[in-house]
There are 2 protein chains.
Amino acid sequence: MSSSPLKRSDKAAATRAAILSAGRRAFAAHGYDGVGVRAIAAEAGVTAMMVNRYFGSKEGLFGEVVTDSMRDPIILTPENMAAPDMARVFAEALVGITARDAEPLDGFQILFRSTGSETAARIARERIEHAHQAAATSVVRVGHPSERAALFLSLVAGFQLMRQVMGLDALAKADPAVLVDLLTPLIAEVLRPTARD
Amino acid sequence: MSSSPLKRSDKAAATRAAILSAGRRAFAAHGYDGVGVRAIAAEAGVTAMMVNRYFGSKEGLFGEVVTDSMRDPIILTPENMAAPDMARVFAEALVGITARDAEPLDGFQILFRSTGSETAARIARERIEHAHQAAATSVVRVGHPSERAALFLSLVAGFQLMRQVMGLDALAKADPAVLVDLLTPLIAEVLRPTARD
DNA sequence: GATTTCATTATACGAGCGTAGACTGAGCCG
DNA sequence: CGGCTCAGTCTACGCTCGTATAATGAAATC
């Protein structure tokens with residue numbers, strides 16, 4: 001209540017943001033095909049046509065949601081890469097010990113849950129390739145960088161998939177500290193070999 | 001041309017098998033929501049109603065497809081577990097060096113591509129839990145068995161996801177021998193710790 | 001205060017979905 | 001041969017989907 005008179009254009013921007021947020025949550029929870037524009041719009045408190053008005057189409061909304069949620073640095077931040085114990089920092093970020101308030105890494109969920117749709121899968125592939133290139137050129141510097149970066153992504157993706165998407169209890173309800181302890185040597189092994197490289 | 005007079009019941013069984021096969025291929029390629037019964041039936045050379053006749057419903061067909069494709073021992077065979085160098089055996093099985101003629105591990109693809117659907121996701125979760133229990137009780141015997149088994153599954157799933165579903169070139173086109181060499185120490189690390197356990 | 005603008009809704013269309021029910025026609029058996 | 005069985009098809013229903021078009025009503029402008 002109270003303050004802002006909320007000019008018309010501001011209200012429009014708020015509506016747009018509400019749809020974007022609702023879309024992000026909905027896509028993360030049910031995937032591209034699993035939710036309709038009516039449901040997304042309803043959660044944003046508007047009608048279905050608002051999606052088309054502000055994003056052109058359902059596909060347009062999805063694209064913007066993916067781009068937006070991938071803007072989060074995932075775990076490939078420069079400070080992470082420069083840390084003395086990279087592996088543990090990555091592990092902690094992956095498990096979510098840093099506990100950012102926002103929903104953690106739901107960009108992955110969105111992509112994985114949407115692999116059934118053709119257009120969504122195309123977008124997902126593009127983002128994955130991009131993340132792979134970033135990992136290959138900036139994190140891994142030994143052995144077979146491309147393959148190692150891909151395995152690193154596989155590990156991250158598999159962990160997210162099993163814990164968040166599939167909801168595997170052994171990961172979802174596990175003690176975060178234990179997960180970090182188990183993940184750290186794994187990540188270290190991917191990023192820096194112990195033999196013949 | 002030629003031989004079998006193909007009795008009526010045999011023809012029925014053949015049709016059923018054709019639908020099951022078409023469903024397996026279709027679900028693996030497009031996910032549960034990504035393909036309709038008409039398309040599946042058409043690929044099997046019959047009409048859509050045959051799906052309901054033989055499997056009760058689309059969901060019934062999916063369940064049977066999943067059960068059928070999961071009958072493949074994935075990589076948790078007794079001989080694998082008993083091998084002296086378990087990790088390498090697992091890695092080779094995962095990469096597919098053993099090159100079974102059938103489509104490799106498409107059970108994973110079916111599950112991953114179908115996570116958008118509610119019923120499909122439920123079935124997927126059941127299968128994953130089952131695989132996790134098997135891994136936890138029969139493969140991992142140190143440290144935190146449940147968490148380690150879950151991470152093992154994560155690694156396998158992530159690798160399959162990135163290589164087969166997402167089609168990440170760095171994995172799909174990589175030299176299998178290199179992949180095995182990189183995966184072996186990873187799997188060994190998951191299954192048998194190097195420190196404090 | 002009258003007029004224009006525009007965020008939003010209401011209604012509807014066409015397509016595709018899964019599936020129910022009636023029908024068809026060829027193989028089986030007396 | 002004549003009746004029955006049953007694999008398979010045809011048609012149609014109810015539903016939901018994404019989205020185009022027209023109407024509404026309050027804020028913005030003059």
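Lettering follows sequence order; numbering is per chain, from 1.
The CG atom of A:L61 sits 15 Å away from the P atom of D:dC17 (whole-angstrom rounding). Across the protein-nucleic acid pair, A:R53 atom CZ and C:dA10 atom C1' stand 15 Å apart, rounded to whole Å. Summarising the geometry, the separation between CG on B:D33 and P on D:dC15 is reported as 20 Å, rounded to the nearest angstrom. As a whole-Å value, the separation of B:M49 CE from D:dT11 C1' is 11 Å. D:dC17 atom P lies 18 Å from atom CD of A:E59, rounded to whole Å. One atom, CZ of A:F27, and another, P of D:dG18, lie 9 Å apart when rounded to the nearest Å. Rounded to whole Å, atom P of C:dC13 lies 18 Å from atom CG of A:N52. Summarising the geometry, the separation between CD1 on A:I19 and P on C:dA7 is reported as 12 Å, rounded to the nearest angstrom.
Taking every side-chain heavy atom of A:T47 into account, C:dA10 is the closest of C:dG18, C:dA10, D:dA7.
Side-chain nitrogen and oxygen atoms of B:Y54 include none within less than 4.0 Å of the OP1 or OP2 phosphate oxygen of D:dA7. Side-chain nitrogen and oxygen atoms of B:K11 include none within less than 4.0 Å of the OP1 or OP2 phosphate oxygen of C:dA26. A sub-4.0 Å separation between OP1 or OP2 of C:dT8 and a side-chain N or O of A:T15 is present.
Summarising the geometry of A:L61 relative to A:F55, their closest heavy-atom pair is N-CB, 3.7 Å, with the distance given to 0.1 Å. In terms of heavy atoms, B:A136 sits closest to B:S146 at CB-CA, 4.3 Å. Scanning both residues, B:V65 and B:R24, for their nearest heavy atoms gives CG1-CA, 3.7 Å.
Counting heavy atoms from C-beta on, the side chains of A:Q133 and A:E129 never come closer than 4.5 Å. Two residues are said to be in side-chain contact when any heavy atoms from C-beta on lie closer than 4.5 Å; A:T15 and A:R53 fail this criterion.
Between atom CD of residue B:Q109 and atom CD of residue B:Q164 there is a gap of 5.0 Å, rounded to the nearest 0.5 Å. For the atom pair CG of A:L183 and CD of B:E189, the computed distance is 10.5 Å after rounding to the nearest 0.5 Å.
Using a 30° and 60° split on the angle between ring planes, B:F27 and B:Y32 fall in the parallel class, below 30°.
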Nucleotides 23-25 of chain D: which of its N/O atoms have a protein N/O under 3.5 Å away?
none

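Across all strands shown, A:S9 has no heavy atoms under 4.0 Å from either base or sugar-phosphate atoms.
Listed by residue number, the members of residues 34-45 of chain A with any heavy atom below 4.0 angstrom from DNA chain D are A:V35, A:G36, A:V37, A:R38.
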For this session: Dump the intermediate steps for side chain to side chain contact (heavy atoms under 4.5 Å, CB included) on B:L168 and A:R125, then the final yes or no.
Result: CA-CA 8 Å; B:L168 190 63; A:R125 215 185 319 274; over 6 Å; no
